[in-house]
Amino acid sequence: MFNLDPTEEQQLMVQTAREIARNELDGKAHDADEAAALPAGFLDDSWQLGIACPAIPEQYQGAAMKRSAVTGALILEELGAGDLSMALAMLAPACVAYPVLDYGTEAQKDEVLRSCTCAAFPKLTAALMEPDYDFDPTLLRTTARKKSTGYVLTGRKCRVPNGGSAERFLV
């Protein structure tokens, strides 16, 4: 039999996320919804709490916590209780950091992962979802074609957290 109780590390992350939801998100959610914008300084302030990318290895100045989908789900559940839109905005860089950690070159890891361990919020996001009723993340319709000056993307994406302010996108 296996144990479904959160580990001590997961309990600490859940408690931290719960406090962030209560102290940072809950009281700002209504005004953010009315303004259709995040509060000024919110992303930088929330980033400094260190909850978004805890599994970045020490060699990139990260906390090197064990990465787990369960831990991520527990964190998002707690943050979402404060405000899901703000929580997704906070966690958007992780949607770039972890694929780069798993599949990036050493140069990409050094650049992207170090940007995710700085004090300032990294302006990174991922564009995965496509606006089709039969969207399947294993059968993406968006394509990239190599040109002499870079790549040309063809297709459409939707629900890209921080898409209006991101400087780098993982597509």
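Since the model is a prediction, treat every value here as computed from it, not as a measurement.
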Seminar exercise, completed: Quick note, salt bridge (Lys or Arg N to Asp or Glu O under 4.0 Å) partners involving residues 80-93, not counting sequence neighbours, are none

Problem set entry | Whichever hydrophobic residues join V14 through chains of side-chain contacts under 4.5 Å | V70, L74

Problem set entry | Summary of ring-ring contact (aromatic ring centres under 6.0 Å, His included) pairs that have at least one residue in residues 60-105, sequence neighbours excluded | none

Exercise. Does anything in residues 14-23 pair up under salt bridge (Lys or Arg N to Asp or Glu O under 4.0 Å), and if so which pairs, sequence neighbours excluded?
Worked result: R18-E78

For this session: State, to 0.1 Å, how close P122 and S115 come at their nearest heavy-atom pair, and which atoms those are.
Result: CB-O, 3.6 Å

Exercise. Near K123 NZ, under 6.0 Å, is it more than 12 heavy atoms from other residues, nucleotides or ligands?
Worked result: no

Exercise. Atom SG of C116 and atom CG of L124: how far apart are they, to the nearest 0.5 Å?
Worked result: 5.0 Å

For this session: Tell me, please, which residues at least two apart from E111 pass salt bridge (charged side-chain N to carboxylate O under 4.0 Å, His left out).
Result: R168

Problem set entry | Nearest-0.5 Å distance, CD of residue Q10 to OG of residue S68 | 5.0 Å

For this session: May I have all residue pairs that pass salt bridge (Lys or Arg N to Asp or Glu O under 4.0 Å) and include part of residues 28-57, sequence neighbours excluded?
Result: E24-K28

Exercise. For the atom pair CD (Q11) and CG (D5), what is the distance rounded to the nearest 0.5 Å?
Worked result: 7.5 Å

Exercise. What pairs with D134 under salt bridge (charged side-chain N to carboxylate O under 4.0 Å, His left out), at least two apart in sequence or on another chain?
Worked result: R141

Exercise. Shared ILVMFWY cluster between V160 and V171, side chains joined below 4.5 angstrom?
Worked result: yes

For this session: Give every residue pair that meets the salt bridge (Lys or Arg N to Asp or Glu O under 4.0 Å) criterion with at least one member in residues 50-68, sequence neighbours excluded.
Result: R67-D102

Seminar exercise, completed: Heavy-atom nearest pair, A87 first then G80, reads CB-N, 4.1 Å

Problem set entry | Which atom of A97 lies closest to which atom of L113, heavy atoms considered | O-CD2, 3.4 Å

Exercise. Can you name the closest pair of heavy atoms from P161 and T125 and give their distance?
Worked result: O-OG1, 2.5 Å

Exercise. With clusters built from Ile, Leu, Val, Met, Phe, Trp and Tyr whose side-chain heavy atoms come within less than 4.5 Å, directly or transitively, what are the remaining members of the cluster of I75, listed by chain and number?
Worked result: M13, I20, L25, L38, F42, L43, W47, L49, I51, M65, L76, L79, L84, M86, L88, M90, L91, F121

Exercise. Would F169 and L153 show up in the same hydrophobic cluster when neighbours are defined by side-chain heavy atoms closer than 4.5 Å?
Worked result: yes

Seminar exercise, completed: Contacts of K109 meeting side chain to side chain donor-acceptor pair (under 3.5 Å) (sequence neighbours excluded), chain-then-number -> none

Seminar exercise, completed: When every non-hydrogen atom of A94 is compared with those of A52, the smallest separation belongs to CB-O, 3.5 Å

Problem set entry | salt bridge (charged side-chain N to carboxylate O under 4.0 Å, His left out) involving D110 - partner list, sequence neighbours excluded | R114

Exercise. Minimum heavy-atom separation for L101 to A55, with atom names?
Worked result: CD2-O, 4.1 Å

Problem set entry | L128: hydrophobic cluster co-members (side-chain, 4.5 Å) | M129, F135, L140

Exercise. Is there side-chain contact between E130 and T142, with heavy atoms separated by less than 4.5 Å?
Worked result: yes

